[in-house]
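Working notes, structure below.
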2 protein chains.
Amino acid sequence: MRRHVLIFGLVGGVLVASLQYTEYRFVVIEHSVELYGALIAILFAAFGIWLGLRITRRRETIRETVVVKEVLVPAVPPTPEPFSPNTARQQTLGITARELEILTLVARGLSNREIAAQIFVSENTVKTHCARVFDKLGAARRTQAVQRGKELGLLP
Amino acid sequence: MRRHVLIFGLVGGVLVASLQYTEYRFVVIEHSVELYGALIAILFAAFGIWLGLRITRRRETIRETVVVKEVLVPAVPPTPEPFSPNTARQQTLGITARELEILTLVARGLSNREIAAQIFVSENTVKTHCARVFDKLGAARRTQAVQRGKELGLLP
DNA sequence: TCTAAAATCACCCGAAAGGATGACGACATC
DNA sequence: GATGTCGTCATCCTTTCGGGTGATTTTAGA
């Protein structure tokens, strides 16, 4: 995580350097300092948002694994079907929270690339999670994994 | 996380300091646009981070003790849910019976080859049916097609 | 503080899937 | 007979998936 700050520093440095460079070539002529500032502002605001999302993402997915609720299933389940995930089964299969998260995104029909973009990781990482969860589910394809996941009550 | 903000602040400070330093050493020309830009950059990066934290700061991490408890559910047959396929929707989408048949097999997690073997046609034919039904469902992948099919009531 | 698990990322390779297009025969309908 | 739909099959090409391996970083828990 420290790495992000480092990256930030580097990017900032490079940006400032390049800005200095281009400054002396184009921008300064038109004295559009406001535009220049706005550009930097937008750029860094976006970068900051990204960084904020990235460093907090892991915080929210922290260990919410074992919150086994002692829920009594009503005799006549209401129609909305809240879907309580079968955490016990997930435990016995050794499927991590992250893996299940990827699996749900797979079930929504997303490609590895789309999943990667959505949770801010590389496509390779998504593939790794997929491979692991496929192995744990005994599935050879993502469609099969989704089917198994629904059978086992891991997915709604 | 506080630590990271701290580090971030430090890096930012160093950046500004070095900028100032170099500013006063070499580029003492009247315009300090770089410093201005750097300041804006840092300011808005911080703002972005704050924003990112804010928009994702919903639930605190909850940690509870593990109490895996088997609850005896009042025996209620899950109500097999006869599942009447939404034929009307199928009609409006122009999905043929054969295509829906292939789609259900896709939903079961079978590969094109397995489907071909099961319904005694060539793999190419399966691919053609798949392509057609994907097009009609507006899906790019089979997982997406399955998801759409369930949403539309075409699949159980 | 040390250790094990989890998460991250990369690279390679082969297989599977998907897109585009064309073709052919069966069958129904006009 | 002409037309249209459906099912069948093919080829070429590109993209995506999946398996395997190895590595580093982060986190949790003892």
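Chain identifiers are assigned alphabetically (A, B, ...) following the order of the sequence lines, protein sequences preceding nucleic acid strands; residue numbering begins at 1 within each chain.
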| remark: Regarding the side chain of B:Ala140, the nearest nucleotide among D:dT16, C:dG19, C:dA6 is C:dG19
| field | Residue closer to the 5' end of DNA chain C, B:Cys130 versus A:Gly94 (nearest nucleotide) | value | A:Gly94
| request: Send over the distance from A:Glu123 CD to C:dC11 P, rounded to a whole Å. | output: 13 Å
| Just how far, in rounded Å, is P of D:dG18 from CG of A:Leu137? | 12 Å
| With a non-hydrogen cut-off below 4.0 angstrom, is B:Asp135 in contact with a base, only sugar-phosphate, or nothing? | nothing
| message | When you measure from the side chain of B:Glu99 to the backbone of B:Ile95, do you find a donor-acceptor pair of N or O atoms at a distance under 3.5 Å? | response | no
| message | Looking at B:Glu123 and B:Ala116, would you say the former's side chain and the latter's main chain have a donor-acceptor pair under 3.5 Å? | response | no
| query | Shortest non-hydrogen contact from B:Val106 to B:Arg142? | reply | CG1-CB, 3.7 Å
| said: Looking at B:Arg132 and D:dT8, is any side-chain donor or acceptor paired with a base atom of the opposite kind under 3.5 Å? | reply: yes
| Rounded distance (Å) that lies between atom C1' of D:dA10 and atom NZ of B:Lys127 | 10 Å
| Between A:Asn112 and D:dT16, is there a side-chain N or O to OP1/OP2 distance below 4.0 Å? | no
| Which heavy-atom pair separates B:Leu152 from B:Arg89 by the least distance, and what is that distance? | O-NE, 3.4 Å
| B:Thr125 side-chain proximity, nearest of D:dC17, D:dC9, C:dA17 | D:dC9
| Any N/O donor-acceptor pair, A:Thr128 side-chain to C:dC9 base, under 3.5 Å | yes
| said: Rounded to whole Å, please give me the gap between CD1 in A:Ile115 and P in C:dT8. | reply: 13 Å
| Protein-nucleotide distance (A:His129, atom NE2; C:dA10, atom C1'), rounded to Å | 14 Å
| So, does A:Lys127 use its side chain to make a donor-acceptor pair with the main chain of A:Asn112 at under 3.5 Å? | no
| request: Could you work out which one of D:dC17, C:dC9, C:dA6 sits closest to the side chain of A:Val121? | output: C:dC9
| Distance in angstrom units between A:Glu101 CD and C:dA6 P, rounded | 15 Å
| A:Ala107 versus A:Val146, closest heavy-atom pair with distance | CA-CG2, 3.6 Å
| task | Please check the phosphate of C:dG18 (OP1 and OP2 only) for any side-chain N or O of B:Arg141 closer than 4.0 Å. | result | no
| task | Please check the phosphate of C:dT8 (OP1 and OP2 only) for any side-chain N or O of A:Arg98 closer than 4.0 Å. | result | yes
| message | Testing the 3.5 Å rule here: is there a donor-acceptor pair between the side chains of B:Glu151 and B:Gln147? | response | yes
| task | Flag the pair B:Glu114 and B:Arg108 as a salt bridge only when some basic side-chain nitrogen lies within less than 4.0 angstrom of an acidic carboxylate oxygen. | result | no
| request: Using only side-chain N and O atoms of B:Asn124, determine if any of them is under 4.0 Å from OP1 or OP2 of D:dA10. | output: yes
| field | Five-pair end axes of the helix from C:dT1-D:dA30 to C:dC30-D:dG1, angle between them (10°) | value | 50°
| Whole angstrom value for the distance that separates P of C:dA15 from CG of B:Leu110 | 20 Å
| field | Nucleotide D:dT16, atom P - distance to CZ of B:Phe134 in whole Å | value | 15 Å
